[in-house]
Amino acid sequence: MILRVEDLIVACGDKKILRGVSFSIKRGEILVIVGESGSGKSTILKAIGGLLDKKFSIGGKILFDGRDIKDLPDKERRKLSGDKIGFIFQNVGASFCPIRTIGEQIFESVKAHRDWDKKFFRERAIELMENINLAPEVLDEYPFRLSGGMAQRAGILAATILEPKLLLADEPTSALDVVTQIGVVKELMNLRERLEISIIMVTHDLEIARRMADKILTIKHGEASQ
């Protein structure tokens, strides 16, 4: 079991956002989280990824490779994020700095975990880009010059270049047209098959959920059912 979440509670002051959510995911498995807006879906991913603001309190357990990572110190969390746990944001284009190239930004992130030189980084990046239908020239582009689909693929590249064990994807297809959505779904499925990455994905799209999921977790008013 790569991840086990036990009785996860997230609160902001007196308001409970998640109320005892539990689930697990195996190596190479895809879990899709569905539910209404505001039900707490994205909060689950942020709790696992250590991305919640300090104003939130977290209870329960988040066991990654058997270790509770819920209250990791910032230094240990940074080692884990990107290396063992990757994150694809809903609006990937906005998560990149607009005045630096895609390649510069991903290389900087990689250097925090690997002693790669720029030549090896580009070779590794281009190899992965071929698998997700992303032209090598994108490494030298600025984020604002990319289409929605290209930006989403660049986000997939950034999240998976270190071959993490777990990929967290928050509405990765919501801002895309239907054709591009299909392409991104295929790429995520191919990554699962090729690298045996486990994926937890949040979506409103029940058709995508049915197509991708090994398991579906439904969230309603902060509570879960499978």
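When a residue number appears, it is its place in the shown sequence, counting from 1.
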J.: For Glu193, which residues count as a salt bridge (charged side-chain N to carboxylate O under 4.0 Å, His left out) partner, sequence neighbours excluded?
T.: none
J.: Salt bridge between Arg210 and Glu207, side-chain N to carboxylate O under 4.0 Å?
T.: yes
J.: To the nearest 0.5 Å, how far apart are NZ in Lys75 and CG in Leu72?
T.: 13.5 Å
J.: Would you indicate whether the side-chain heavy atoms of Arg114 and Asp83 approach each other to under 4.5 Å?
T.: yes
J.: Between the main-chain N or O of Ile102 and the side-chain N or O of Glu141, is there a donor-acceptor pair closer than 3.5 Å?
T.: no
J.: Return yes if some donor-acceptor pair links the side-chain N/O of His113 with the main-chain N/O of Ser81 below 3.5 Å, else return no.
T.: yes
J.: Atom CG of Asp71 and atom CD1 of Ile58: how far apart are they, to the nearest 0.5 Å?
T.: 7.0 Å
J.: Atom CG in Asp53, atom SG in Cys12: separation rounded to 0.5 Å?
T.: 8.0 Å
J.: Judged by atom type as modelled, is there a donor-acceptor pair below 3.5 Å linking the side chain of Asp68 to the main-chain atoms of Leu63?
T.: no
J.: Find the distance between CZ (Phe107) and CG (Leu139) and round it off to the nearest 0.5 Å.
T.: 11.5 Å
J.: Answer yes when Asp205 and Arg211 have at least one side-chain N-carboxylate O distance shorter than 4.0 Å, and no when they do not.
T.: no
J.: Side chains of Arg192 and Met212, heavy atoms from C-beta outward: is any pair under 4.5 Å?
T.: no
J.: Would you call Glu76 and Leu80 a side-chain contact if the rule is heavy atoms closer than 4.5 Å?
T.: no
J.: Please determine whether a side-chain nitrogen of the Lys or Arg among Lys54 and Asp74 lies less than 4.0 Å from a carboxylate oxygen of the Asp or Glu.
T.: yes
J.: With sequence neighbours left out, which residue pairs that include part of residues 25-36 fulfil the salt bridge (charged side-chain N to carboxylate O under 4.0 Å, His left out) condition?
T.: Glu29-Lys215
J.: Once you round to the nearest 0.5 Å, how far does CG of Leu168 lie from NZ of Lys46?
T.: 12.0 Å
J.: Evaluate the side-chain proximity of Ile199 to Met189: yes if any heavy-atom separation is below 4.5 Å, no if none is.
T.: no
J.: From Ile161 CD1 over to Ile106 CD1, what is the distance, rounded to the nearest 0.5 angstrom?
T.: 6.5 Å
J.: Side chains of Leu3 and Ile200: does their closest heavy-atom pair fall under 4.5 Å?
T.: yes
J.: Restricting to pairs with a member in residues 154-171, which pass salt bridge (charged side-chain N to carboxylate O under 4.0 Å, His left out), not counting sequence neighbours?
T.: Asp65-Lys165, Arg124-Glu163
J.: Quick one, Ile48 and Leu166 - any side-chain contact, counting heavy atoms below 4.5 Å?
T.: yes
J.: Look at atom CZ of Arg145 and say whether more than 12 heavy atoms of other residues, nucleotides or ligands are closer to it than 6.0 Å.
T.: no
J.: Keeping Lys41 on the side-chain end and Gly35 on the backbone end, is there a donor-acceptor pair under 3.5 Å?
T.: yes
J.: Please verify the inter-ring angle class for Phe144 with Tyr142; under 30° counts as parallel, over 60° as perpendicular, anything in between as tilted.
T.: parallel
J.: Looking at Lys70, is its backbone amide N or carbonyl O close enough to the side chain of Lys61 to form a donor-acceptor pair, meaning the two atoms are under 3.5 Å apart?
T.: no
